[in-house]
K.L.:
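Structure in structure tokens, see below.
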2 protein chains.
Amino acid sequence: MSSNPAARRRPTHRKGRPTLTRESVGRAALDFLDHHGPAELTMRSLAADLGVSPRALYNYVEDRRDLLTVAAELFESEWRPPELESGRWRESLRAYCRALRAHYRSHPGMTTLALTENITMARHPAMLRNVDTLIGFFEAVGLSLPDAYRACMETIRLVAGFVELQDIVYDRPPAHVDPADLAQFPPPWLRPKDPENSEGSGSSNASEGPEPVGDLPHLARLGELEPDSPDTLFAFSLDILVEGIAARAARSGE
Amino acid sequence: MSSNPAARRRPTHRKGRPTLTRESVGRAALDFLDHHGPAELTMRSLAADLGVSPRALYNYVEDRRDLLTVAAELFESEWRPPELESGRWRESLRAYCRALRAHYRSHPGMTTLALTENITMARHPAMLRNVDTLIGFFEAVGLSLPDAYRACMETIRLVAGFVELQDIVYDRPPAHVDPADLAQFPPPWLRPKDPENSEGSGSSNASEGPEPVGDLPHLARLGELEPDSPDTLFAFSLDILVEGIAARAARSGE
DNA sequence: ACCTGAACACCGTTCAAGT
DNA sequence: ACCTGAACACCGTTCAAGT
């Protein structure tokens, strides 16, 4: 077992802590996102987390963009998709999307970070296999090959978009928003404004006029109903997706 | 016409350039995004664009977050939705979504910027009216009031997600990606790797093994087809949405 | 081979003066 | 009232040494 000389070249520890590697710093960056917002992830804060100087990170990644690319690859490589069965395909697709949503939520901000830094995701071989499997699934459901690809992309985009645009606000409420507001439905900023306190809304110049909200009849009725949970909202999105695909499959089946 | 003394209080020009206002600096920030990436939008670069010192901006906005909030509000206020007609509702919804996509694309990165800075969008009164109108439209199509709200949110999320996750890569190709690759379908990173040049793929440590891509049968067949344009991809997403909503409306109509 | 510490050019933001 | 210029604490990144 010690016949491979290359295996002994690098020590596994240094100064009491494990030796850094390209993977371990990427892993640290990914884990950092579980507890901090994307903006807090800096070379310096990550180095402090690892107990090294900022300069040390540059021995393993080229720059911050490269670091985030590694983190994105690790993020994709740890995605374990559930089985897809083309019989009872509706429930199968729903379960797949619920699992994918949980995956994205487990490292919130990774997608947003990739967007701001112009990092192309879906490069990891594991992700390629998943995409291929998903396309095969949609073909088995009855879509043409091009439609199966489009459906695959639409599915991933729906889940990623839901997590980044909807879940993140609930999972990590911004500091300036009252947490109690987030439990409400519709969100308070979708409610018609109380005409009492129309003053003091920040903009003090009257040049553009008060710009009254006017009637918002449907939102007003919504305010009296029970709030939607994010899970309910997500279930609705899945319904639209599933039935939309079913209609498409029925059409190309003719 | 000069009877209002308040109208004369602020000069309209100073040192040959128009006086700054809260709106004008927000407008400048929004326009900045048309020509530059979100990361380039800094207090200093924007001040240089306006011909003032960075400190001058702080007389009109509290900080960078506040500046981006103003820009987001302006972005929403300039959205002019097309008419929605509940008769021929499918084509009407499609046209609405196409216009909304064009709106988001006209200021690329605004949504991503709002995400990274934790800025809650849809605060502008004009946006409230639009949401209310869209909910009314979906009710007229045959959805229940809660479903109409969910469909409204799903519609906006679909368009915003498509622009940020799909269009931006085409409209603003990242510097490190070959532009020719973007015209291909599927993207090159979705193609099975050529076994010839499996060497030199960046990661030089063999500790994790070569991790072969293996068979990607559906992606391989896709590689021989004509690439999808973003418009084609978007049209497919709209088909899924429209037919999904139609199925939902038919079900609640019973 | 891998690390530290100092340094550079940036960034957001604030302070002390100018007019 | 609104601006400038200098300054502060950050950031990514690099250089020159250390071991």
Side-chain angles (χ1 to χ4, degrees), chain A residues 5-26 28-29 32 36-71 113 116-119 175 204-205, chain B residues 5-26 28-29 32 36-71 113 116-119 175-176 204-205 207:
Chain A
R8 261 197 283 132
R9 230 177 249 156
R10 299 189 179 193
T12 60
H13 283 72
R14 185 172 181 125
K15 286 205 181 172
R17 57 154 180 77
T19 310
L20 298 181
T21 65
R22 182 174 167 82
E23 274 72 25
S24 73
V25 298
F32 189 95
H36 306 88
E40 300 172 62
L41 174 47
T42 67
M43 302 297 281
R44 290 173 128 98
S45 63
L46 187 65
D49 249 32
L50 290 167
V52 297
S53 78
R55 173 64 181 86
L57 301 180
Y58 289 88
N59 293 320
Y60 305 97
V61 295
E62 293 190 10
D63 50 24
R64 183 179 135 94
R65 244 189 69 86
D66 190 37
L67 170 72
L68 298 176
T69 304
V70 179
L113 215 41
T116 47
E117 300 292 335
N118 259 327
I119 290 167
S204 58
N205 62 338
Chain B
R8 261 196 282 134
R9 233 177 245 156
R10 299 188 180 193
T12 61
H13 282 71
R14 184 172 181 125
K15 285 205 180 172
R17 56 154 181 78
T19 310
L20 298 181
T21 64
R22 181 174 168 82
E23 274 72 25
S24 74
V25 298
F32 189 94
H36 306 88
E40 299 172 64
L41 174 48
T42 67
M43 301 298 280
R44 290 174 129 97
S45 62
L46 187 64
D49 248 33
L50 290 167
V52 296
S53 77
R55 173 63 181 87
L57 301 180
Y58 289 88
N59 293 319
Y60 305 98
V61 293
E62 293 191 10
D63 50 24
R64 183 178 136 95
R65 243 189 70 86
D66 190 37
L67 170 72
L68 298 176
T69 303
V70 178
L113 214 42
T116 47
E117 299 293 334
N118 260 326
I119 292 167
H176 61 291
S204 58
N205 62 337
S207 63

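Chain naming here is simple, since letters A, B, ... match the order of the sequence lines and numbering starts at 1 in each.
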K.L.:
Looking at residues at least two apart in the chain, or sitting in another chain, which of them share a side chain to side chain contact (heavy atoms under 4.5 Å, CB included) with A/Glu40?
P.N.:
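Applying side chain to side chain contact (heavy atoms under 4.5 Å, CB included) to A/Glu40 gives A/Phe32, A/His36.
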K.L.:
Toss me the dot-bracket line for DNA chain C: Watson-Crick and G-U wobble, both under 3.5 Å, 5' to 3', using | for pairs to another strand and [ ] for crossers.
P.N.:
||.|||||...|||||.||
K.L.:
Extract all donor-acceptor atom pairs below 3.5 Å that involve side chains of residues 48-58 of chain A and protein atoms in other chains or at least two apart in sequence.
P.N.:
from    : atom 1 : to      : atom 2 : distance (Å)
A/Arg55 : NH1    : A/Asn59 : OD1    : 3.4

K.L.:
When every nucleotide of nucleotides 8-13 of chain D is labelled 5' to 3' by its protein contacts under 4.0 Å (heavy atoms), B for base, S for sugar-phosphate only, - for none, what sequence of letters results?
P.N.:
---BBB
K.L.:
Can you see if the side chain of B/Asn59 gets near the phosphate of D/dA1 - specifically, an N or O under 4.0 Å from OP1 or OP2?
P.N.:
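Result: no.
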K.L.:
Which atoms form the tightest heavy-atom contact between A/Asp63 and A/Met43, and what is the distance?
P.N.:
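Residues A/Asp63 and A/Met43, closest heavy atoms: C-CE, 4.5 Å.
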K.L.:
For A/Glu117 versus A/Arg65, what's the shortest heavy-atom pair and its separation?
P.N.:
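Residues A/Glu117 and A/Arg65, closest heavy atoms: O-NH1, 2.6 Å.
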K.L.:
Only counting residues at least two apart or in another chain, list the ones meeting side chain to side chain contact (heavy atoms under 4.5 Å, CB included) with A/Ala29.
P.N.:
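Applying side chain to side chain contact (heavy atoms under 4.5 Å, CB included) to A/Ala29 gives A/Leu41, A/Leu46, A/Leu67, A/Ala71.
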K.L.:
Consider side-chain contact (heavy atoms from CB on, under 4.5 Å). Of B/Leu20, B/Thr69, B/Asp66, B/Leu68, which one does B/Val61 pass it with?
P.N.:
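Answer to the side-chain contact (heavy atoms from CB on, under 4.5 Å) test with B/Val61 among B/Leu20, B/Thr69, B/Asp66, B/Leu68: B/Asp66.
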K.L.:
If I compare all heavy atoms of B/Tyr60 with all of B/Thr19, which pair ends up nearest, and what's the gap?
P.N.:
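Looking at all heavy atoms of both residues, the shortest contact is OH-CG2, 4.3 Å.
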